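See structure below.
Model, not experiment: these values are computed from the prediction. By convention in this document, chain letters (A, B, ...) are assigned in the order of the sequence lines, proteins followed by strands, and residues within each chain are numbered from 1.
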Amino acid sequence: MTALVKAGDVAKELCRELIAADFGPYFGTPCRTLNPLHAALHGQVGILTVAREENAIGIASGTSLAGRCPVVLMENAGIGQCVNAISALVVPYRIPMLLVVGLTSEPTQVRLTGSLLENLGIASAELDPAEPLGVQVEELSTIVQRRLQPAALLVPPAAFAEG
Amino acid sequence: MNKTAAIRAIIGATETRPIVFTPGSASAIAQDLADLPNHFYLNGPLGLASSVGIGVAMETERTTVVVDGDGSLLMNPVGMLTAGTLTSLRLIHIVLDDGVYAFTGGESIPSRRADLCALARAAGYRRVFSTAKLDEFAALLRSQLMSCTTPVFIRCALIGGDYATTERMTADLENHARRFYRHISDPVWLARAA
């Protein structure tokens, strides 16, 4: 069924799957690509908008240390700003969390995002709206909630576009 | 009061409530004085102690103490701005203001004309205090810990040197995180600290 979901419903479906997989709480920074997911989460479980990406990582770390599986939404430019927070906090303290990264159409930033995540040791996967979202979320859940590692879901620019 | 005396007072007053220490001398001194399971020592990055504390306070719904420095606060004031919007957050944000980056050799902090308390008020903190006296600070902290229902900002103006501490950050940060998690997720502690 998920494969037949219209593009405009992908964000809502992903929101449902993340909540069903016990991810949360949710923190977000401004991102045009992720705006539909941000809106869906806001309507379902709430999302705290934070003014700067690395602070969102810091707050998420606090909730993770208290036993939750937080999710941080950010655009790909934010990953560069979070290098210190990820390399000095998330990775060495092994703090599980999911990063949902909205990709822009700027090729240098997209290339840099993949390279930074790989060099930071963060497992990442690109969202495929044509494939069942539940399966994709389950794979991320295995990394974050069972192996207790951080992971990233990369969202292409048109993934949540209205069909 | 110097930094060591202030941290000793914080550890004594806070008891088993969670404390997040900013990287550098604050973490090193606390670890030297009493390495307790309610302590979370940041090894980096500078400027995120209040953000981590916000997350802990949000999730545990228990009063959480952040031990920040003036240098780390100014490195990234967004945590302060975020706490200011969360009016029911039980967070006590202490800034040990010594005017220097102590851990990196004592470079001066570009804050001579900055009013940290005014910044906190502007960020939305409703309870803002400044003190330079150890007894007054200890009493203030104890009373705020008993009545904390909204973010509290306390600036401690420090004077005088500290005893030398070696760089005592635990090598095993994963286990440090697990120790802190076990403490703040312990149902017995949560019930007692409610």
Side-chain angles (χ1 to χ4, degrees), chain A residues 22-30 42 45-72 74 78-99 116 120-121 144-145 147-150, chain B residues 18 20 22-23 37-62 64 66 68 72 75-86 89 91 123 169-187 189-190:
Chain A
D22 280 336
F23 279 107
Y26 297 85
F27 303 97
T29 50
H42 178 72
V45 289
I47 176 167
L48 178 68
T49 303
V50 182
R52 185 176 163 90
E53 285 86 354
E54 68 170 342
N55 295 84
I57 296 275
I59 298 170
S61 296
T63 67
S64 185
L65 287 166
R68 298 293 301 277
C69 290
V71 179
V72 177
M74 68 175 77
I79 286 290
Q81 197 215 85
C82 292
V83 166
N84 204 8
I86 294 172
S87 64
L89 176 61
V90 174
V91 171
Y93 288 87
R94 194 175 172 179
I95 297 177
M97 69 175 65
L98 177 64
L99 311 179
L116 283 173
L120 286 163
V144 178
Q145 302 191 36
R147 293 184 206 147
L148 303 177
Q149 298 276 10
Chain B
V20 178
T22 195
N38 60 315
H39 292 186
F40 187 74
Y41 310 120
L42 276 163
N43 201 29
L46 204 59
L48 283 193
S50 60
S51 295
V52 174
I54 288 168
V56 173
M58 280 177 67
E59 206 47 53
T60 61
E61 299 181 330
R62 304 293 185 273
T64 299
V66 170
D68 217 340
S72 51
M75 179 75 78
N76 185 343
V78 171
M80 183 168 67
L81 292 164
T82 309
T85 68
L86 302 170
L89 192 73
L91 185 82
M169 196 60 225
T170 171
D172 190 346
L173 299 178
E174 264 187 56
N175 265 335
H176 181 61
R178 298 286 88 77
R179 182 183 79 164
F180 185 68
Y181 162 71
R182 281 195 298 274
H183 177 76
I184 62 173
S185 61
D186 176 5
W189 175 78
L190 282 165

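- Using a 4.5 Å cut-off between heavy atoms, L81(B) makes no contact with chain A at all.
- To the nearest 0.5 Å, atom CG of residue L89(A) and atom CG of residue L173(B) are 9.5 Å apart.
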Which pairs would a plain distance check flag for residues 45-61 of chain B, meaning a side-chain donor or acceptor within less than 3.5 Å of a matching protein atom at least two apart in sequence or in another chain?
unit_1, atom_1, unit_2, atom_2, d
S51(B), OG, N55(A), ND2, 3.0
E59(B), OE1, R68(A), NH1, 3.4
E59(B), OE2, R68(A), NH1, 2.9
T60(B), OG1, V56(B), O, 2.8
T60(B), OG1, R62(B), N, 3.2

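- Proximity to chain B (any heavy atom under 4.5 Å) is shown, for P70(A), by neither the backbone nor the side chain.
- Between the CG atom in L148(A) and the OH atom in Y181(B) there is a gap of 9.0 Å [rounded to 0.5 Å].
- Atom NE2 of H42(A) is surrounded by 12 or fewer heavy atoms from other residues, nucleotides or ligands within 6.0 Å.
- Using a distance-only test at 3.5 Å, with no hydrogens or angles considered, no donor-acceptor pair links the side chain of Y93(A) to the main chain of R178(B).
- Residue L42(B) touches chain A through both its backbone and its side chain, counting heavy-atom pairs closer than 4.5 Å.
- Here N76(B) contributes atom CG and E54(A) contributes atom CD; the two are 5.0 Å apart, rounded to the nearest 0.5 Å.
- Ranked by heavy-atom pairs under 4.5 Å with chain B, the list N84(A), I95(A), L48(A), V50(A) is led by N84(A).
- Looking at every heavy atom in both residues, I184(B) comes nearest to L65(A) through CD1-O, 3.6 Å.
- Residues satisfying the side chain to side chain donor-acceptor pair (under 3.5 Å) criterion with S185(B), sequence neighbours excluded, are absent altogether.
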